[in-house]
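Quantities reported herein were computed from a predicted structural model and do not represent experimental measurements. Remember, it's 1-based here, ligands and their atoms both numbered in the order they're listed.
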Amino acid sequence: MSDQDFFPPEMLLQVNKYLECFCLSQEKLLEISARLKNELIRGLEKETQDMMLATFVTATADGTEKGDFLTLDLGGTNFRVQHVHANEKKLEIKSEKKLSIPKEIMQQPGEKLFEYIVNCLGDFLDSSNLRGKTLPLGFTFSFPCKQEAIDKCFLIRWTKGFNCSGVEGKDVVKLLKEAVHKRGNYNIDSVAVVNDTVSTMLSCSHKDPKCVIGMIIGTGTNACYMEEMKNVKYLQGEDGQMCINTEWGGFGDHGSLDDIKTQFDELVNRESINPGVHIFEKMISGMYLGEIARLLLLKLMEDKLLFKGQTPDMLKKPGNFETKFLSEIEMPDKGLENTKKILTSLGLKCELVDIHVVRLVCETISTRSAHLCAAAIATVAERIRENRGLDRLETTVGVDGTLYKEHPNFKKRLQDKVEQLAPKCKITFLDSDGSSGKGAAMAAAVVSCSTPVI
Ligand code: GLC
């Protein structure tokens, strides 16, 4: 039985009135994919402000990376420091420290942020007995940046809740080095900066050479892929390839998603710290899905379609319906039980019908997210197929991100939809095993080794 079978017919009609606008037909998704394709092509023509960014990674991994590297990972819910050892056979994480970024640091002047990062790195060097060794550093910095080289990386703008003043427009490598210098009790060698999509692609291509796309579906969403250099019109040079950070989260910022934006997307966008930007991301990623669900639930309560019209204060507070609840609610076996627990913890008295409505709401929102990602990944895979002049492309997408990994149905919905949207591409999704550090270490190898390895 589906959730809808539990609703009285009149109620079903009214609930569906709100859910319909989240259900995107095959035709609509193909249309969205075609619009994204146009934006991708336009972005390669001349340097844009925020999408299709050159990363200065010009090949995927070839397994010859060697040495010891430090890696930093900033840009999701957690901040991570790792010591990675690479030899002919494998990449190995020797030690690791994971910290959550204090909320206040995310909105303080950039100096404080870099001081925090550098202090964490210093403590890590001590606890891993690495102080005194000057190691190359791979810095996964997951924000849109204009790169002029792998070690020259200017932040275009903050996303995902970060808003530290004085960093936009600046070279983050310079800011990092200045902070290390200020702390004064350790040194770092060369620095390579990569987006998280790029480090994911690199670490996955080390396992599977067919991997030429990296995708993140976590706090934010984005993808990178290997483009032919001759198509990157804003860079000089015709030969070889360049990894392009699409920053697809910013798709729709110029109106191309207006026809599918719901009133709830509008509200989420308006209440975010960066209204008007990263519209696609706000329909898809972990930072926003819980909030879309909360606003939709509130609307159903207002219309007395849920919880007999109770609207507890707890649900009125932004952020109180977390994206991880969607995963818990949609668990195949324990979903109903989990829903009840979650609703009770939010101060709601619920009946069985309420539980089914809530589950349907969550399913509808997370399905839209998976389908939009499918449309976007179909666009990127098709692009590669056309570039290579193939009738059929077999490729691998390296994936990371909590929403993708922890949601019980996301992967399947994404995979099924992408097969329908890009029938000429056989796409395998490869989990990155959370080791973006390995990819960052490979990028660090480029700047530190005399033989270019990626
Ligand atoms: C945001 C950032 C992007 C990053 C993505 C996933 O969209 O702008 O650079 O890759 O989040 O973390």
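- Exactly one of Gln241, Glu227, Glu382, Glu228 qualifies for a side chain to side chain donor-acceptor pair (under 3.5 Å) with Asn387. That residue is Glu227.
- The pair Lys37-Glu386 meets the salt-bridge criterion, since a charged nitrogen lies less than 4.0 angstrom from a carboxylate oxygen.
- Salt bridge Arg35/Glu31: present, at least one basic N to carboxylate O contact under 4.0 Å.
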Check ligand 1 for close polar pairs with the protein: N or O on both sides, less than 3.5 Å.
| unit_1 | atom_1 | unit_2 | atom_2 | d |
| --- | --- | --- | --- | --- |
| ligand 1 | 7 (O) | Thr221 | O | 3.4 |
| ligand 1 | 7 (O) | His278 | NE2 | 3.3 |
| ligand 1 | 7 (O) | Glu281 | OE1 | 2.4 |
| ligand 1 | 8 (O) | Thr159 | OG1 | 3.1 |
| ligand 1 | 8 (O) | Glu247 | OE1 | 2.8 |
| ligand 1 | 8 (O) | His278 | NE2 | 3.3 |
| ligand 1 | 9 (O) | Ser142 | O | 3.4 |
| ligand 1 | 9 (O) | Phe143 | N | 3.3 |
| ligand 1 | 9 (O) | Asn195 | ND2 | 2.8 |
| ligand 1 | 9 (O) | Glu247 | OE2 | 2.5 |
| ligand 1 | 10 (O) | Asn195 | OD1 | 3.0 |
| ligand 1 | 10 (O) | Asn195 | ND2 | 3.4 |
| ligand 1 | 10 (O) | Asp196 | OD1 | 2.6 |
| ligand 1 | 10 (O) | Asn222 | ND2 | 2.9 |
| ligand 1 | 11 (O) | Lys160 | NZ | 3.1 |
| ligand 1 | 11 (O) | Glu281 | OE1 | 3.4 |
| ligand 1 | 12 (O) | Lys160 | NZ | 2.8 |
| ligand 1 | 12 (O) | Asp196 | OD2 | 2.5 |

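- Among residues at least two apart or in separate chains, side chain to side chain donor-acceptor pair (under 3.5 Å) pairs with a member in residues 266-276 are Asn269-Lys282, Ser272-Asn274, Ser272-Lys282, Asn274-Lys282.
- Expressed to the nearest 0.5 Å, how far CD of Gln420 lies from CG of Leu29 amounts to 9.0 Å.
- No salt bridge links Arg80 with Asp400; every basic N to acidic carboxylate O contact stays at or beyond 4.0 Å.
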